[in-house]
Structure formats: structure tokens, C-alpha cells
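In what follows, a structure is listed as C-alpha cells, so that the remarks can point back to it.
Atoms considered below: every heavy atom in the structure, side chains included; atoms not considered: hydrogens, waters and symmetry mates. We count residues from 1, following the sequence as given.
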Amino acid sequence: MKLDILMSSIKQRMKYLASLLFLIFSITVLNAQTTTTKSSDQSTIENSLTKLILVKDQPVEKYSIAERMAHHKVPGVSIAVVRNGKIDWAKGYGYANTNSKTKVNETTLFQAGSISKPVAALAALKLAQEGKLDLDENVNAYLKDWSIEENELTANNKVTVRRLLTHTAGTTVHGFPGYMTNEDIPSDVMVLNGKGNTPKVYVDVEPESMWRYSGGGYTIMEKVVEDISGESFQDYMKNHILSNMDMHNSTYNQPLDSELHANASAAYDSNGNIIEGLWHNYPEQAAAGLWTTPTDLAKYCIEIQNIRQGKSDGLLSKKTVDIMLTKHKNDWGLGPSLRWEADSLVFSHGGKNAGFTNNMVAFAELGDAVIVMTNGDNGGRLMSEIITSVSQHYGWNLGKPRVVETKEMTADELSKYTGRYQLDFQVPGIGDYIITLKVKDNGLLLEDPNDSDSFILPLNDATFMDIENGDTAVFDLTEGKEGFRWNNQYQLNKLKD
């Protein structure tokens with residue numbers, strides 16, 4: 001049952017949520033060195049995937065990337081690994097297009113989703129370094145044919161580029177669903193005014209008062225870059241940012257140039273089907289419009305790492321990169337998310353567009369990184385399994401599977417949870433949302449006529465979990481209150497038959 005996905009769609013008025021996918025890592029850096037060859041590294045990693053949730057005292061099964069791709073219905077994956085400041089290896093798996101049988105390789109283009117943001121942030125940082133903008137100046141001082149509507153919330157604290165980059169500007173619009181390839185795409189100003197397929201971008205909480213992710217804020221930053229530079233955003237990024245990092249297999253052009261289509265991956269939904277039109281277009285370029293490869297994103301990571309270590313002729317100065325990697329609210333830098341401190345400092349960002357799911361994780365001081373890009377809506381769990389395998393192989397300790405202890409229950413004990421349950425509100429387009437729970441083996445089968453079924457195991461008398469994906473059902477069997485809460489979000493009450 002995926003009510004969380006269904007209800008996001010309803011609330012956000014979009015089928016796909018352009019949001020961050022964060023891995024929750026437990027970082028302890030080990031300095032062990034590997035003596036294996038690159039091919040051996042790859043072979044070990046790609047055949048050592050495990051599920052993210054393991055049951056205590058049960059044997060740990062290991063899978064190949066191909067097996068987990070099939071399980072998660074993700075046709076294509078591309079990986080790049082950075083070690084000691086250099087690209088150690090990069091490899092593609094599966095298909096970029098199942099219709100044409102085009103396979104993924106290390107140069108196949110994927111949509112980066114929100115990983116577009118930390119790369120795009122370099123444009124504003126470069127302009128600031130050149131003295132063409134002040135990170136703490138009211139952005140209306142730079143905007144020409146559009147401006148942020150001032151109100152009582154901006155009276156004392158203004159919208160600044162620093163606040164836009166750190167998601168503390170108080171601006172609206174979390175993410176963007178994109179446009180079908182046969183649809184006209186709006187300009188930046190149209191997007192900001194709510195004339196596209198998302199609401200207008202404005203300030204609805206006082207700047208700096210809280211952290212709230214805002215793709216709308218990055219669209220304002222995009223407009224600032226264009227108005228200061230006099231160039232289109234894609235041209236500025238190509239001429240001043242991407243080319244200076246040798247990211248020649250990357251572009252912010254939207255729509256994608258036709259000559260690049262043959263090298264671009266198609267996008268796939270949660271059932272493994274190609275999205276109509278092959279992919280969506282994203283005119284909100286800074287927020288979601290980058291087409292790239294893990295290898296090119298590895299070059300971004302290496303550039304930041306090298307500058308941090310004192311490279312004097314880099315894209316930015318060390319002073320600017322240090323500012324970029326300074327934590328603000330919610331441990332956010334000027335572009336990337338930040339985790340941990342000192343030698344363990346990690347900068348990262350996830351990315352989610354329709355049919356693409358990605359993650360990029362890099363150590364700021366140690367010269368190591370891993371980037372995984374997938375062409376499926378189900379790529380999140382697969383991606384996490386791959387990063388965990390990479391981390392365990394190299395001793396990075398970026399994450400490890402969660403181990404849960406299940407409780408044995410008899411069929412009679414399980415039977416008290418069975419029956420029909422109804423969501424406590426009407427779902428547009430469906431009406432009454434009713435599921436059925438039945439005893440199956442040592443757990444419960446949740447039959448959902450509106451979505452795929454789930455098999456949940458008891459962790460205790462109240463909590464059951466789908467160990468494939470971590471979905472939980474917490475039951476209250478008190479008379480008159482019988483029901484359960486799904487993923488701590490949606491209440492379903494037991495029907496009296």
C-alpha cells in the first residue's frame with residue numbers, strides 16, 4: 001500500500017514529487033587501504049548487495065545488481081566511484097531504453113533531478129566571488145523584469161542568495177513535476193508567477209526563521225544568474241561552470257538537444273514502464289534541469305575536494321568553497337546537504353525527477369565519493385543497496401542494513417488483526433479506500449485493490465513491518481478504536497462486517 005505516494009500526488013497536484021531522497025548515514029571513517037584491482041572491486045561490489053532491512057538471526061542473502069534491478073523494476077543503473085581524488089571506476093548496467101535495446105554505459109545521460117541544485121549553486125558562488133553579487137544583499141537588487149513581492153515577512157529579513165541556496169529564504173514550491181515532451185514549457189518568469197503547472201513562488205514565512213526545501217527558491221536564483229550575467233542559464237553554466245570542470249557530458253538545456261537523444265536514458269515508472277514521451281522536460285533548470293552522468297558528477301566532487309585541499313587554480317577559491325561547505329540550518333551548505341565534521345565531513349544531494357532517482361555522496365576531506373544514477377521511480381531502494389555495498393567494500397561505513405527482530409505469532413494470534421480497514425478520509429478519484437488483511441505464513445498479507453499488495457511481519461504486538469521497504473503498520477486493537485496507522489501518516493479504521 002503506497003498511500004504516501006498517492007496522497008503526495010493529490011496534495012502537490014503532481015504525479016511525481018521532485019524531492020530529495022536522503023540516505024541516513026552513520027559515518028565512521030576508516031583508513032584501511034584496499035589492495036584489490038579495480039575489476040575485482042567492481043565484481044565484489046556488484047555481487048554483494050543485501051536488502052536494507054534484515055531479520056535478526058536469519059542468514060544474510062547476497063544479490064547481484066542485476067537481480068536487484070529486476071526485483072525493483074529498474075531497467076538501468078550507472079555508477080561512478082572516486083578514491084583518493086581520482087575516478088577509480090565507472091560502469092553502466094542494464095538498459096537505457098528497453099524498446100531500442102540500448103544499453104547503459106558510463107556516458108549515458110540521466111536526468112539529475114535535484115542534484116541539479118548543488119551544481120547550479122556554483123554559478124551564484126562564482127558571481128559572488130567575482131564581486132558581481134553580494135550573497136547577503138536583497139535579491140530584488142539584481143532582478144530586472146521580475147521581483148519578489150515584499151510583505152510584512154520581508155520587512156526585517158530579506159530574501160538573499162545565501163538564503164535561497166540554503167533553503168532558508170521562506171520561499172514556496174517544494175519541487176516540480178516537469179512537462180510532457182509534447183507540451184510547451186514556460187519561461188522562468190511564468191514559473192515564478194504560477195503560470196506553469198505549479199503555484200506561484202512567494203515568501204510565506206519570514207526569511208531565516210526556518211529551513212524548508214524550496215525548488216522555487218532555486219528558480220529565483222536561476223533568474224538572478226541570468227539577470228546579472230546577461231546570458232541564459234544553460235549558456236552561463238556551459239561557458240563558465242561545466243566546461244571549467246571538464247563536465248563536457250552535461251547540459252542544462254531544456255528541452256534536451258535532439259542530437260543528444262540517442263545517448264539519453266528513457267525514464268521508467270514504478271512498474272518498469274517507459275514514461276510517455278521517454279521523459280519529462282524541466283524548464284526549472286537550476287532546480288531540476290541537469291542532464292549528466294555519474295562520471296561528470298564525480299568531476300564536480302573532485303573539483304570541490306581538490307579546492308578544499310588547496311588547489312589554487314580551481315573554479316572557485318578555497319575561501320568560497322569553505323563558505324559553500326559551512327553548515328546553516330538543517331546542516332545545509334550553499335547547495336549541498338552536509339553531514340558530520342572535520343575529516344568526516346560529507347557533502348551530498350539526492351535527485352528525483354519523473355522516472356529518474358539518483359544520489360551523490362562525497363567526503364570533503366578524504367577524496368572519496370560515490371554517485372549512483374537510476375532510470376526508475378523505484379530506484380531509491382536499489383540505489384541505497386548499491387551505496388551500502390560500495391561503502392562496506394571500501395570501509396567507508398556510510399551505512400549498513402537495519403536489523404529488526406520479528407516476533408513469532410500463531411495463526412490464531414494473527415487472526416485478530418485480520419479484516420477490512422478503511423482510510424479515514426475520501427480519496428479523490430477513488431472514494432472509500434478499503435484494504436483487507438489476511439493471515440499469510442507468519443505474517444499478514446495486506447491486499448490493496450488500488451495498489452500492489454504488501455506482506456508485513458510482526459515486530460511486536462502492535463507493530464508490523466514490510467521488511468522489503470520499511471513500511472510500518474501500528475495497530476490499536478482497543479475496542480471501539482480498532483485500526484492501524486500506516487507509516488505514521490494515514491489512519492485506517494477497522495470495518496465491522
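The side chain to side chain donor-acceptor pair (under 3.5 Å) check on Lys126 picks up Glu130, with sequence neighbours excluded. Legend: residues meeting side-chain contact (heavy atoms from CB on, under 4.5 Å) with Ser250, ordered by chain and number and at least two apart, are Leu242, Met247, Leu290, Thr292, Asp296.
Judged by distance alone, with hydrogens and angles left aside, the side-chain atoms of His261 form a donor-acceptor pair with the main-chain N or O of Leu256 at under 3.5 Å. Panel note: side chain Glu106, backbone Ala90; no donor-acceptor pair is recorded below 3.5 Å. Using modelled atom types, no side-chain atom of Glu206 and backbone atom of Leu153 make a donor-acceptor pair closer than 3.5 Å. With hydrogens and angles ignored, the 3.5 Å screen pairs a side-chain donor or acceptor of Ser389 with a backbone N or O of Ile45. With His174 contributing its side chain and Thr172 its backbone, the two residues share no donor-acceptor pair below 3.5 Å. Judged by distance alone, the side chain of Asn138 and the main-chain N or O of Asn140 form a donor-acceptor pair under 3.5 Å. With Lys299 contributing its side chain and Asp246 its backbone, the two residues share a donor-acceptor pair below 3.5 Å. Using a distance-only test at 3.5 Å, with no hydrogens or angles considered, no donor-acceptor pair links the side chain of Thr154 to the main chain of Glu150. The main-chain N or O of Asn239 is found under 3.5 Å from a side-chain atom of Ser243 such that the two form a donor-acceptor pair. Not one N or O on the side chain of Tyr268 forms a donor-acceptor pair closer than 3.5 Å with the backbone of Gly76.
Judged purely by distance below 3.5 Å, without hydrogens or angles, the side chains of Ser317 and Gln129 pair a donor atom with an acceptor atom. At a cut-off of 3.5 Å, with distance as the only test, a side-chain donor of Asn253 or Asp257 sits close to an acceptor on the other residue. For the residue pair His280 / Glu183, no side-chain donor-acceptor distance below 3.5 Å is found, with atom types taken as modelled. Counting only N and O atoms by type, the side chains of Glu365 and Gln305 include no donor and acceptor under 3.5 Å apart. Defined by atom type and a distance below 3.5 Å, a donor-acceptor pair is present between the side-chain atoms of Gln234 and Gln285. A donor-acceptor contact closer than 3.5 angstrom is absent between the side chains of Asn151 and Glu149. Between the side chains of Lys117 and Tyr213, at least one donor-acceptor pair of N or O atoms lies under 3.5 Å. For the 3.5 Å distance criterion, the side chains of Asn249 and Trp291 fail to qualify, holding no donor opposite an acceptor. The closest side-chain donor-acceptor pair between Thr219 and Glu284, if any, does not fall under 3.5 angstrom. Side-chain contact of Asp471 with Asn487: a donor-acceptor pair under 3.5 Å is present, judged by distance alone. Side-chain N/O atoms of Arg212 and Ser214 include no donor and acceptor closer than 3.5 Å. A donor and an acceptor atom, one from each side chain of Ser391 and Thr388, are nowhere located under 3.5 Å apart.
Using a 4.5 Å heavy-atom threshold, the side chains of Val390 and Trp396 count as touching. A 4.5 Å side-chain heavy-atom check between Val404 and Met465 finds at least one atom pair inside the cut-off. Here the side chains of Leu165 and Val161 are in contact, with some heavy-atom distance below 4.5 Å. Counting heavy atoms from C-beta outward, Lys319 and Met324 have side chains that stay 4.5 Å or more apart.
For Asn156, the CG atom sits in a loose shell: 12 or fewer heavy atoms of surrounding residues, nucleotides or ligands are nearer than 6.0 Å. With a 6.0 Å radius and a threshold of 12 heavy atoms from other residues, nucleotides or ligands, Lys238 has its NZ atom at or below the threshold. Crowding of Asp184 atom CG: a count of heavy atoms from other residues, nucleotides or ligands under 6.0 Å not exceeding 12. In the displayed structure, Tyr202 atom OH is contacted under 6.0 Å by at most 12 heavy atoms of other residues, nucleotides or ligands.
Classification of the Phe484-Phe475 ring pair by plane angle, with boundaries at 30° and 60°, yields tilted.
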Residues Glu208, Lys329; criterion salt bridge (charged side-chain N to carboxylate O under 4.0 Å, His left out); working and verdict: CA-CA 9 Å; Glu208 200 58 30; Lys329 283 182 171 60; 3.4 Å; yes
Salt bridge (charged side-chain N to carboxylate O under 4.0 Å, His left out) assessment of Asp136 paired with Arg162: CA-CA 6 Å; Asp136 299 309; Arg162 189 188 304 272; 2.7 Å; yes
Side chain to side chain contact (heavy atoms under 4.5 Å, CB included) evaluation trace for Val159 with Val203: CA-CA 8 Å; Val159 174; Val203 176; 3.5 Å; yes
Derivation of the side-chain hydrogen bond (donor to acceptor under 3.5 Å, both in side chains) call for Asn375 and Trp279: CA-CA 10 Å; Asn375 61 6; Trp279 52 70; over 6 Å; no
Stepwise salt bridge (charged side-chain N to carboxylate O under 4.0 Å, His left out) check, Glu341 with Lys327: CA-CA 10 Å; Glu341 309 288 345; Lys327 291 182 180 179; 2.9 Å; yes
Verdict with supporting geometry, Asp145 and Lys223, salt bridge (charged side-chain N to carboxylate O under 4.0 Å, His left out): CA-CA 10 Å; Asp145 57 347; Lys223 188 74 170 65; 2.4 Å; yes
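Of all heavy-atom pairs between Leu345 and Trp340, the closest is CD1-O, 3.2 Å. The two residues Asn197 and Tyr179 make their nearest non-hydrogen contact at N-OH, 2.9 Å. Residues Asn353 and Asp377 approach most closely at O-OD1, 3.9 Å, considering heavy atoms. Considering all non-hydrogen atoms of both residues, Phe356 and Ser265 come closest at CZ-O, 3.4 Å. When every heavy atom of Ser348 is checked against every heavy atom of Val361, the shortest pair comes out as CB-CA, 4.0 Å. In plain terms, the two heavy atoms of Ala473 and Ile456 that are nearest each other are CB-CD1, 4.2 Å.
Taking the charged nitrogens against the carboxylate oxygens, Glu303 and Lys311 do have a contact shorter than 4.0 Å, which makes a salt bridge. Under 4.0 Å is where a charged nitrogen must lie from a carboxylate oxygen, and between Lys144 and Glu226 no such pair does. By the 4.0 Å N-to-carboxylate-O rule, Lys51 lies too far from Glu385 to be salt-bridged with it.
For Tyr282 and Phe176, the gap between ring centers reaches or exceeds 6.0 Å.
None of Val82, Thr295, Val81 except one satisfies the side chain to side chain contact (heavy atoms under 4.5 Å, CB included) rule with Trp89; the exception is Val81. For the pairing with Val173, the side chain to side chain contact (heavy atoms under 4.5 Å, CB included) check across Val191, Val201, Leu192 returns one residue only, Val201.
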